[in-house]
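A short worksheet on the structure shown next.
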Amino acid sequence: MIARPDALPGARAAACLTQFQQRPPLIHCLTNEVVQSLTANVLLALGASPAMVVEPQEAAQFSVLADGLLINVGTLNALRAESMRVAVAAANQAGKPWTLDPVAVGALSYRTAFAKQLLDEKPAAIRGNASEIMALSGLLASGRGVDSGDDSLAALPAARELAQRSGAVVAVTGAVDYVTDGQRDWAIEGGSPLMTRVVGTGCALSAVVAAFCALPGDRLDNVATACRVMSHCGGLAARQATGPGSFTPAFLDALYQLRGEDL
(Lines give C-alpha, C1' and ligand atoms only; values in the text may rest on other atoms or scores of the structure.)
Protein backbone atom coordinates (compact mmCIF):
# COMPACT_ATOMS: atom_id res chain seq x y z
CA MET A 1 0.00 0.00 0.00
CA ILE A 2 1.33 3.44 -0.94
CA ALA A 3 1.52 5.92 1.93
CA ARG A 4 -0.26 9.17 1.13
CA PRO A 5 2.04 12.23 1.31
CA ASP A 6 1.36 15.22 3.53
CA ALA A 7 -0.62 18.17 2.22
CA LEU A 8 1.25 21.22 0.93
CA PRO A 9 1.35 23.72 3.84
CA GLY A 10 -0.82 26.75 3.17
CA ALA A 11 1.89 29.17 4.28
CA ARG A 12 4.26 27.83 1.62
CA ALA A 13 1.61 28.11 -1.08
CA ALA A 14 0.75 31.65 0.03
CA ALA A 15 4.40 32.72 -0.12
CA CYS A 16 4.81 31.27 -3.62
CA LEU A 17 1.68 32.98 -4.92
CA THR A 18 2.69 36.32 -3.42
CA GLN A 19 6.08 36.06 -5.10
CA PHE A 20 4.38 35.14 -8.39
CA GLN A 21 2.09 38.17 -8.23
CA GLN A 22 5.00 40.49 -7.49
CA ARG A 23 6.80 39.39 -10.66
CA PRO A 24 4.33 37.85 -13.14
CA PRO A 25 6.18 35.81 -15.79
CA LEU A 26 5.97 35.74 -19.59
CA ILE A 27 5.25 32.17 -20.68
CA HIS A 28 5.78 30.74 -24.14
CA CYS A 29 3.06 28.12 -24.70
CA LEU A 30 3.60 25.58 -27.45
CA THR A 31 0.33 23.92 -26.59
CA ASN A 32 -2.43 22.10 -28.40
CA GLU A 33 -4.79 23.96 -30.65
CA VAL A 34 -7.92 22.92 -28.75
CA VAL A 35 -6.99 24.71 -25.53
CA GLN A 36 -5.12 27.86 -26.54
CA SER A 37 -7.86 30.31 -25.59
CA LEU A 38 -8.51 28.87 -22.11
CA THR A 39 -4.77 28.53 -21.45
CA ALA A 40 -4.16 32.17 -22.35
CA ASN A 41 -7.11 33.36 -20.27
CA VAL A 42 -6.03 31.36 -17.21
CA LEU A 43 -2.52 32.85 -17.34
CA LEU A 44 -3.92 36.34 -17.87
CA ALA A 45 -6.34 35.95 -14.96
CA LEU A 46 -3.38 35.16 -12.71
CA GLY A 47 -1.49 38.19 -14.01
CA ALA A 48 1.00 36.29 -16.19
CA SER A 49 1.58 37.02 -19.88
CA PRO A 50 0.95 34.21 -22.40
CA ALA A 51 2.40 33.95 -25.89
CA MET A 52 2.00 31.20 -28.50
CA VAL A 53 4.69 31.45 -31.16
CA VAL A 54 4.78 28.33 -33.35
CA GLU A 55 6.97 29.08 -36.39
CA PRO A 56 10.24 27.17 -35.68
CA GLN A 57 12.59 30.13 -36.19
CA GLU A 58 10.44 32.43 -34.08
CA ALA A 59 9.78 29.73 -31.47
CA ALA A 60 13.50 29.45 -30.79
CA GLN A 61 13.90 33.22 -30.58
CA PHE A 62 10.93 33.69 -28.30
CA SER A 63 11.96 30.96 -25.87
CA VAL A 64 15.04 33.05 -25.08
CA LEU A 65 12.88 36.09 -24.32
CA ALA A 66 10.25 34.29 -22.24
CA ASP A 67 10.57 33.41 -18.56
CA GLY A 68 9.36 29.86 -19.13
CA LEU A 69 8.23 27.45 -21.83
CA LEU A 70 5.37 24.93 -22.02
CA ILE A 71 5.56 21.93 -24.35
CA ASN A 72 2.14 20.28 -24.72
CA VAL A 73 1.92 17.45 -27.27
CA GLY A 74 -1.87 17.36 -27.51
CA THR A 75 -2.11 18.19 -31.24
CA LEU A 76 1.37 17.10 -32.27
CA ASN A 77 2.44 17.08 -35.91
CA ALA A 78 5.80 17.18 -37.68
CA LEU A 79 6.01 20.98 -37.93
CA ARG A 80 4.91 21.47 -34.32
CA ALA A 81 7.46 18.85 -33.20
CA GLU A 82 10.24 20.80 -34.92
CA SER A 83 9.11 24.02 -33.24
CA MET A 84 9.14 22.23 -29.90
CA ARG A 85 12.63 20.80 -30.38
CA VAL A 86 14.19 24.14 -31.27
CA ALA A 87 12.26 25.98 -28.55
CA VAL A 88 13.47 23.53 -25.92
CA ALA A 89 17.06 23.77 -27.16
CA ALA A 90 16.93 27.57 -27.07
CA ALA A 91 15.34 27.62 -23.62
CA ASN A 92 17.99 25.28 -22.26
CA GLN A 93 20.78 27.37 -23.75
CA ALA A 94 19.30 30.50 -22.20
CA GLY A 95 18.76 28.82 -18.83
CA LYS A 96 14.96 29.13 -19.01
CA PRO A 97 12.85 26.36 -17.42
CA TRP A 98 10.51 24.32 -19.57
CA THR A 99 7.56 22.08 -18.69
CA LEU A 100 6.33 18.96 -20.49
CA ASP A 101 2.66 17.98 -20.72
CA PRO A 102 2.63 14.44 -22.24
CA VAL A 103 -0.97 14.46 -23.47
CA ALA A 104 -2.18 10.95 -24.41
CA VAL A 105 1.31 9.49 -24.14
CA GLY A 106 1.04 5.72 -23.93
CA ALA A 107 -2.10 5.67 -26.04
CA LEU A 108 -0.41 6.77 -29.30
CA SER A 109 3.04 5.75 -30.50
CA TYR A 110 4.28 8.90 -32.30
CA ARG A 111 3.76 11.25 -29.38
CA THR A 112 4.99 8.64 -26.92
CA ALA A 113 8.31 8.30 -28.71
CA PHE A 114 8.61 12.09 -29.08
CA ALA A 115 7.88 12.77 -25.40
CA LYS A 116 10.38 10.14 -24.28
CA GLN A 117 13.03 11.76 -26.48
CA LEU A 118 12.33 15.11 -24.81
CA LEU A 119 13.05 13.60 -21.38
CA ASP A 120 16.75 13.78 -22.27
CA GLU A 121 16.42 17.57 -22.64
CA LYS A 122 16.05 18.19 -18.89
CA PRO A 123 12.51 19.47 -18.31
CA ALA A 124 12.04 21.51 -15.15
CA ALA A 125 8.62 19.94 -14.59
CA ILE A 126 6.31 17.29 -16.03
CA ARG A 127 2.53 17.46 -15.51
CA GLY A 128 0.21 14.68 -16.55
CA ASN A 129 -2.59 12.42 -15.44
CA ALA A 130 -1.86 9.06 -13.84
CA SER A 131 -1.92 7.05 -17.07
CA GLU A 132 0.32 9.54 -18.90
CA ILE A 133 2.89 9.62 -16.11
CA MET A 134 2.93 5.83 -15.82
CA ALA A 135 3.34 5.40 -19.57
CA LEU A 136 6.07 8.03 -19.75
CA SER A 137 7.96 6.22 -17.00
CA GLY A 138 7.75 3.00 -19.00
CA LEU A 139 4.97 1.24 -17.08
CA LEU A 140 1.84 -0.26 -18.57
CA ALA A 141 -1.04 2.19 -18.16
CA SER A 142 -4.75 2.05 -18.90
CA GLY A 143 -5.49 5.47 -20.31
CA ARG A 144 -8.08 6.07 -23.03
CA GLY A 145 -6.83 8.92 -25.21
CA VAL A 146 -6.46 11.96 -22.96
CA ASP A 147 -8.44 10.32 -20.11
CA SER A 148 -6.71 8.47 -17.31
CA GLY A 149 -7.75 4.96 -16.36
CA ASP A 150 -5.39 4.93 -13.39
CA ASP A 151 -5.47 6.45 -9.90
CA SER A 152 -3.10 9.33 -9.12
CA LEU A 153 -1.84 7.78 -5.87
CA ALA A 154 -1.14 4.49 -7.66
CA ALA A 155 0.97 6.46 -10.14
CA LEU A 156 3.07 8.16 -7.44
CA PRO A 157 5.89 5.54 -7.50
CA ALA A 158 6.15 5.99 -11.27
CA ALA A 159 6.19 9.77 -10.80
CA ARG A 160 9.03 9.47 -8.26
CA GLU A 161 11.04 7.27 -10.60
CA LEU A 162 10.43 9.64 -13.50
CA ALA A 163 11.53 12.61 -11.38
CA GLN A 164 14.75 10.86 -10.35
CA ARG A 165 15.54 9.87 -13.92
CA SER A 166 14.70 13.18 -15.62
CA GLY A 167 15.59 15.68 -12.90
CA ALA A 168 12.12 17.22 -13.22
CA VAL A 169 9.51 17.89 -10.59
CA VAL A 170 6.62 15.62 -11.57
CA ALA A 171 2.97 16.44 -10.92
CA VAL A 172 0.52 13.58 -11.34
CA THR A 173 -2.98 14.98 -11.26
CA GLY A 174 -6.37 13.50 -10.52
CA ALA A 175 -8.97 13.64 -7.76
CA VAL A 176 -5.94 14.38 -5.56
CA ASP A 177 -2.76 15.78 -7.10
CA TYR A 178 0.67 14.49 -6.06
CA VAL A 179 3.86 16.42 -6.73
CA THR A 180 7.31 14.89 -6.28
CA ASP A 181 10.98 15.59 -6.92
CA GLY A 182 11.78 11.92 -6.45
CA GLN A 183 12.63 12.31 -2.77
CA ARG A 184 9.96 14.62 -1.34
CA ASP A 185 6.24 14.65 -2.07
CA TRP A 186 3.24 16.93 -1.55
CA ALA A 187 -0.46 16.14 -1.85
CA ILE A 188 -2.96 18.73 -3.09
CA GLU A 189 -6.66 18.22 -2.52
CA GLY A 190 -9.58 20.26 -3.79
CA GLY A 191 -10.88 20.89 -7.26
CA SER A 192 -14.16 19.58 -8.61
CA PRO A 193 -15.41 16.94 -11.07
CA LEU A 194 -16.73 19.87 -13.12
CA MET A 195 -13.12 20.61 -14.09
CA THR A 196 -13.16 17.41 -16.15
CA ARG A 197 -16.23 18.62 -18.05
CA VAL A 198 -14.49 21.69 -19.49
CA VAL A 199 -11.92 21.12 -22.19
CA GLY A 200 -8.43 22.32 -21.35
CA THR A 201 -8.30 22.67 -17.57
CA GLY A 202 -5.47 20.14 -17.31
CA CYS A 203 -3.56 21.74 -20.16
CA ALA A 204 -4.08 25.16 -18.55
CA LEU A 205 -2.70 23.73 -15.31
CA SER A 206 0.45 22.72 -17.17
CA ALA A 207 0.84 26.32 -18.35
CA VAL A 208 0.44 27.51 -14.76
CA VAL A 209 3.07 24.96 -13.70
CA ALA A 210 5.39 26.40 -16.37
CA ALA A 211 4.71 29.88 -15.00
CA PHE A 212 5.46 28.91 -11.40
CA CYS A 213 8.65 27.14 -12.52
CA ALA A 214 9.94 30.59 -13.50
CA LEU A 215 10.02 31.57 -9.81
CA PRO A 216 13.20 31.27 -7.75
CA GLY A 217 13.23 29.04 -4.69
CA ASP A 218 12.12 25.47 -4.09
CA ARG A 219 10.74 24.13 -7.37
CA LEU A 220 8.80 21.39 -5.59
CA ASP A 221 6.90 24.02 -3.61
CA ASN A 222 6.43 26.17 -6.70
CA VAL A 223 4.91 23.36 -8.79
CA ALA A 224 2.75 22.20 -5.90
CA THR A 225 1.48 25.76 -5.48
CA ALA A 226 0.48 25.86 -9.16
CA CYS A 227 -1.62 22.76 -8.54
CA ARG A 228 -3.03 24.25 -5.34
CA VAL A 229 -4.00 27.49 -7.08
CA MET A 230 -5.94 25.64 -9.77
CA SER A 231 -7.63 23.15 -7.44
CA HIS A 232 -8.62 25.88 -4.97
CA CYS A 233 -10.12 28.11 -7.65
CA GLY A 234 -11.78 25.14 -9.35
CA GLY A 235 -13.51 24.27 -6.09
CA LEU A 236 -14.67 27.85 -5.57
CA ALA A 237 -16.01 28.07 -9.12
CA ALA A 238 -17.85 24.76 -8.88
CA ARG A 239 -19.78 25.97 -5.83
CA GLN A 240 -21.16 28.87 -7.88
CA ALA A 241 -21.65 27.12 -11.21
CA THR A 242 -24.67 25.18 -12.39
CA GLY A 243 -22.74 23.34 -15.12
CA PRO A 244 -19.73 23.55 -17.46
CA GLY A 245 -21.02 26.68 -19.21
CA SER A 246 -21.12 28.76 -16.04
CA PHE A 247 -18.03 27.10 -14.55
CA THR A 248 -15.46 28.65 -16.90
CA PRO A 249 -16.20 32.34 -16.21
CA ALA A 250 -16.49 31.64 -12.48
CA PHE A 251 -13.14 29.84 -12.60
CA LEU A 252 -11.40 32.73 -14.36
CA ASP A 253 -12.90 35.20 -11.87
CA ALA A 254 -11.66 33.08 -8.95
CA LEU A 255 -8.14 33.04 -10.40
CA TYR A 256 -8.25 36.80 -10.92
CA GLN A 257 -9.39 37.48 -7.35
CA LEU A 258 -7.02 35.00 -5.68
CA ARG A 259 -4.67 36.31 -2.97
CA GLY A 260 -1.98 34.59 -0.95
CA GLU A 261 -4.00 34.54 2.25
CA ASP A 262 -6.73 32.53 0.45
CA LEU A 263 -4.35 29.57 0.33
Side-chain angles (χ1 to χ4, degrees), residues 16-76 79-81 83-88 90-92 94-103 118 123-128 146 169 171 173 195 198-216 219 222-223 225-234 237 247-258:
C16 288
L17 178 62
T18 299
Q19 186 180 46
F20 179 93
Q21 292 174 332
Q22 289 171 346
R23 187 183 174 274
L26 169 62
I27 302 302
H28 184 192
C29 300
L30 282 171
T31 191
N32 78 70
E33 296 171 0
V34 180
V35 304
Q36 287 181 340
S37 178
L38 180 64
T39 297
N41 284 333
V42 164
L43 288 174
L44 286 167
L46 285 170
S49 299
M52 297 167 185
V53 180
V54 298
E55 161 59 36
Q57 284 188 324
E58 291 187 340
Q61 293 172 354
F62 198 83
S63 287
V64 175
L65 301 175
D67 297 305
L69 168 67
L70 169 64
I71 299 295
N72 174 310
V73 300
T75 51
L76 189 66
L79 180 62
R80 186 66 61 90
S83 296
M84 291 176 175
R85 288 191 187 95
V86 298
V88 166
N92 282 341
K96 304 296 179 68
W98 69 277
T99 294
L100 174 64
D101 185 339
V103 178
L118 287 183
I126 301 168
R127 201 293 312 171
V146 300
V169 171
T173 54
M195 298 178 78
V198 175
V199 67
T201 53
C203 295
L205 169 56
S206 295
V208 175
V209 166
F212 273 81
C213 279
L215 297 177
R219 183 158 287 157
N222 293 342
V223 173
T225 298
C227 295
R228 177 65 180 142
V229 163
M230 294 288 276
S231 66
H232 176 78
C233 292
F247 173 83
T248 299
F251 182 49
L252 293 174
D253 286 348
L255 291 166
Y256 178 75
Q257 295 164 3
L258 186 65

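In this text, all values refer to a predicted model and were calculated from it rather than measured experimentally.
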- request: Would you indicate whether the side-chain heavy atoms of Leu43 and Cys29 approach each other to under 4.5 Å?
  value: yes

- prompt: Judged by atom type as modelled, is there a donor-acceptor pair below 3.5 Å linking the side chain of Arg127 to the main-chain atoms of Gly202?
  reply: yes

field: Taking every non-hydrogen atom, the tightest pair across Gly234 and Phe247
entry: O-CE1, 3.4 Å

- prompt: What are the two closest heavy atoms between Met230 and Met195, and how far apart are they?
  reply: O-CE, 3.6 Å

message: For the NZ atom of Lys96 and the CG atom of Leu26, what is their distance to the nearest 0.5 Å?
response: 8.5 Å

- line: Arg219 and Val169 have their tightest heavy-atom pair at CG-CG2, 3.7 Å

- prompt: Out of curiosity, Asp253 CG to Thr248 OG1, how far, rounded to the nearest 0.5 Å?
  reply: 11.0 Å

Single hit among Val73, Val54, Leu70 for side-chain contact (heavy atoms from CB on, under 4.5 Å) with Leu30: Val54

field: Gap separating the CG atom of Leu215 from the CG atom of Asn222, nearest 0.5 angstrom
entry: 5.0 Å

- request: Kindly indicate, with the supporting measurements, whether the criterion side-chain contact (heavy atoms from CB on, under 4.5 Å) is fulfilled by Leu118 and Trp98.
  value: CA-CA 11 Å; Leu118 287 183; Trp98 69 277; 3.9 Å; yes

task: Look at the rings of His28 and Phe62 and say which category their plane angle falls in: under 30° parallel, 30 to 60° tilted, over 60° perpendicular.
output: perpendicular

task: Look up atom CG in Leu17 and atom CG in Leu258, then write down how far apart they are to the nearest 0.5 Å.
output: 5.0 Å

query: Going from NE2 on His232 to OG1 on Thr225, what distance comes out if it is rounded to the nearest 0.5 angstrom?
result: 12.5 Å

- prompt: Is a side-chain N or O of Ser63 found less than 3.5 angstrom from the main chain of Ala90, in a donor-acceptor match?
  reply: no

message: Can you give me the closest heavy-atom contact between Ala210 and Thr99, atom names plus distance?
response: CA-OG1, 3.4 Å

task: Kindly indicate, with the supporting measurements, whether the criterion side-chain contact (heavy atoms from CB on, under 4.5 Å) is fulfilled by Phe212 and Val229.
output: CA-CA 11 Å; Phe212 273 81; Val229 163; 4.2 Å; yes

Test side-chain contact (heavy atoms from CB on, under 4.5 Å) applied to Leu46 and Gln21, step by step: CA-CA 8 Å; Leu46 285 170; Gln21 292 174 332; 5.8 Å; no

task: Please lay out, stage by stage, how Thr39 and Met52 fare under the test side-chain contact (heavy atoms from CB on, under 4.5 Å).
output: CA-CA 10 Å; Thr39 297; Met52 297 167 185; 4.1 Å; yes

- prompt: Atom CE of Met84 and atom CG of Leu79: how far apart are they, to the nearest 0.5 Å?
  reply: 10.0 Å

field: Among Val103, Asn32, Val35, side-chain contact (heavy atoms from CB on, under 4.5 Å) partner for Thr75
entry: Asn32

message: Does any part of the side chain of Pro50, heavy atoms only, come nearer than 4.5 Å to the side chain of Leu44, both counted from C-beta?
response: yes

field: Least distance between heavy atoms, Cys213 atom then Ala125 atom
entry: SG-CB, 3.6 Å

query: Is there a side-chain contact between Gln19 and Pro216, using heavy atoms and a 4.5 Å cut-off?
result: yes

- line: Here the pair of heavy atoms bringing Ala60 nearest to Val86 is CB-O, 3.9 Å

